Structures are given as C-alpha cells and as structure tokens.
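What you see is a predicted model, and the numbers here were worked out from it, not measured in a lab.
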Amino acid sequence: MHATGGYTVQAYASARYIFNLKENEIIWCTADIGWITGHTYACYGPLLNKATTLLYEGFLTYPKQDRFLKIIKENKVNIFYTAPTALRMFAMKDNYTKKYKLDSLKILGTVGEPIDEETWKWYFKKIGKSRCPVIDTYWQTETGSAIIASLPGHGPFIPSYAGKAFPGIEYTVVNEKARKLKPNQKGLLVQVPPFSPSLIRGVWNNKKRYKKYFLKKYYNASDNAFYDSKGNFRILGRSDDIIKVAGHRMSTAEIENAISSLSKVAEVAVVGKQDKIKGTNIVAFVKTKSPVSEQEIKKIVSEKIGPISKPSEVYFVNDIPKTRSGKMMRRILKGLLEGEEIKNTSTLINPGSVKDIKALIKIDIKNKK
C-alpha cells in the first residue's frame, strides 16, 4: 500500500528531475501499464508534469528490428525509457541504427535490473549517438518511484552504476546486523529514515509481511549493493539471488555482467541449482548473437571474477522467459532446473521458451545418465 499524496508528489518530482521532463515534451516508457514502472512513468509522472506520454502495445521489434526506432522518429520522442533486456534484444543486429538520426531524443533511461557495461555503451553510442545521457534508474514497487539515479546535468554517468540517491532521500549499505559498511564493501542496500514520500506504507491485510521490510531502523530493499568513495551506488541484484558455492557468496548480477561482456552474447540469466557437495551450482542460460563455446563462457567468468564463479552448466537457448516489460523470469528458470511444473505463463511475452528450455534440460539429464 502507498499513500496517495506521497506517491503523487514523488511521481511528479522524480519524473521531472530524473528525466529533465518539461511541459509538452514526449516520453515513451515501454513498461506494461499494469506494472509499477508503467504506473509511475507511463501515466502519473508524465501527466502531472503536463507532458505527453506515448503508449505502445506490441512487440518492440515486430515486424522488423527497427520498429522501436520508427516509433521514436515518427512521434519525436524526447525521453526513451526501457529495460536492459529489451536493449540486448535490440542490439542483436544493429546495422539498422545507422539510418536513424533521432534528433528529438535528449534522455535515455533504463529500468528493471542492473544494466551491464556492454549494453550501456551500445545504448549510449548507437541510440543516443554519444550525446544523450543514460539514466540507469534503481527502484522497486515498494519505493513507488525511482530513488537512485544520476541526474541529467549532474552525473556522473558510469556504466553499470546507478548513481546517487534522489535529493532528499538517503541510502546506505549495511551488513546483516544493520551496521553501516565502508565504501566498496558489499552488503544490503537500505533507505535511511526519514523515509521517502512514496515508500510502502503497508501490505494489504498482512502486517507481518510489512514488518519484514525493515531491518531495525532501516527500510531493507533486499538488494545487494556497494558504493564507491564518491557515494555512487552499484546494484548487484537481489539478496536472495546470492549464490553460495562451497562457502563463497556470489552475486548472479556480477556473473551475468561478466558473460554479457562477450560480444557474441545477446543476453544471459544466471540461477543457482541445489547440489549435495557444493551447496549450490551456478547455471547459466545464454542466448547468443553468433556461436560461442561453453569454454569461452567459463573462461570470461574465471578471468573477471574468479574460478569459483564459473558456471557448472551452460544452456544455450533460443530465448529466455521474460515479461512484457522485458524482465527476465529467473524464478521460472530455477523452477525448471528443480523439476517443477510451470503452470502459469500468462504474464510472459514468450511462453514457448519455457517448453523449449524444459526439453533442453531433459535431454541434458538423459545424456548425463
């Protein structure tokens, strides 16, 4: 639950300052209107600022790869806000970007998950033509609006770093005992009171669940992060997405970032699979632009993070299950590995991918026997 007044105030202020959104400008947020991103930045935020919001229902690369750029050009979009997963899909074949000047664009935004460095650079150079700042926004349904980002005109715009907390809001990183950590130490990302106006105020008919959002005096985002010496935050992914292998704790986002640095890789999702000896095995689902070997995948992870972080299994897939807003459904991948029956795929844009991956895992199990 959110407070109407608090949510409205922050939707207005964040849309205005994070996107430098001005009256009569056009913003295109590609998120489904039913998700919180659609609520705040396809509906309330733009309209409260007297801006025009562009809504599109359909596949962003249909019937051709340049569909999304045609929409930007024809409607003179000023701010384009989408997910890293969608960007990786756009980048699979990018010769088409050369014929579009996209002079109307002034701000590029990303949302939904940490963006890897390779995709960030592609977005900045190929879509923004090296002149539009890339605003990597961090937030949650619970925060109601973006709360960590690099503001236009201020920066700094560092690939894979979300930036600083929105003015008036304070975030820090703590350990599991709620003790504040020093720069570059990894821990839990928390919001420091007094809390932001649009922060969650309760969970409908579930007071116990609401209390779990707090770690002593802090609001606990349940995300792992660290901040550098200048206070810029890098988000490492969900704390429940931490994989513990033979006593070593690793972030799935870091492993994904390493694999995505290979130019042949289009997108990747990493999940943990239970193992009697190691505790958990690292499993990578990889969609490629051109052929790449399992050895190359393991080598890049070993070089960038360390040998202990190498995936035990690599599945090369045609597609990764994702929602209409472009969020990869790692929970479904984990379920498939554990042999669960995935019954509801109605929220997915590509439900056929679940059947394909299930068959791939079955073949792998059969071959190992």
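- Members clustered with Trp204: Met1, by chain and number, using a 4.5 Å side-chain heavy-atom cutoff among hydrophobic residues.
- Sequence neighbours left out, the pairs with a member in residues 123-143 that pass salt bridge (charged side-chain N to carboxylate O under 4.0 Å, His left out) are Asp94-Lys126.
- Listed by chain and number, the residues in a side-chain contact (heavy atoms from CB on, under 4.5 Å) with Thr141 are Ile36 (sequence neighbours excluded).
- The aromatic rings of Tyr41 and Trp139 lie perpendicular to each other, with more than 60° between the two planes, well past the 30° mark.
- Evaluation of the salt bridge (charged side-chain N to carboxylate O under 4.0 Å, His left out) test over residues 286-295, restricted to residues two or more places apart or in two chains, returns Lys287-Asp319, Glu294-Lys298.
- For Glu254, the side-chain contact (heavy atoms from CB on, under 4.5 Å) partners are Lys186, Leu236, Ser251, Ile305, not counting sequence neighbours.
- Lys121 meets the side chain to side chain donor-acceptor pair (under 3.5 Å) test with Glu117; sequence neighbours excluded.
- Evaluation of the salt bridge (charged side-chain N to carboxylate O under 4.0 Å, His left out) test over residues 8-24, restricted to residues two or more places apart or in two chains, returns none.
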Donor-acceptor contacts, no H, no angles, side chain residues 351-358, under 3.5 Å, sequence neighbours left out:
| residue | atom | partner | partner atom | Å |
| --- | --- | --- | --- | --- |
| Ser353 | OG | Asn350 | O | 2.7 |
| Lys358 | NZ | Glu341 | OE1 | 3.3 |
| Lys358 | NZ | Glu341 | OE2 | 3.3 |

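- Note on residues 172-196: pairs passing ring-ring contact (aromatic ring centres under 6.0 Å, His included), not counting sequence neighbours, are Phe195-Phe214.
- Glu25 pairs by the side chain to side chain donor-acceptor pair (under 3.5 Å) definition with Lys106, not counting sequence neighbours.
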Could you list the donor-acceptor pairs under 3.5 angstrom formed between side-chain atoms of residues 163-172 and any protein atom two or more places apart in sequence or on another chain?
| residue | atom | partner | partner atom | Å |
| --- | --- | --- | --- | --- |
| Lys164 | NZ | Lys230 | O | 3.4 |
| Lys164 | NZ | Asn232 | OD1 | 3.1 |
| Tyr171 | OH | Gln191 | NE2 | 2.8 |

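- Applying the salt bridge (Lys or Arg N to Asp or Glu O under 4.0 Å) rule to Lys99 yields the partners Asp66; only residues at least two apart in sequence or on another chain are considered.
- Although no hydrogens or angles enter the test, the distance criterion places a donor-acceptor pair under 3.5 Å between the side chain of Tyr56 and the main chain of Phe59.
- With hydrogens and angles left out, the side-chain atoms of Tyr81 and Thr137 include a donor and acceptor closer than 3.5 Å.
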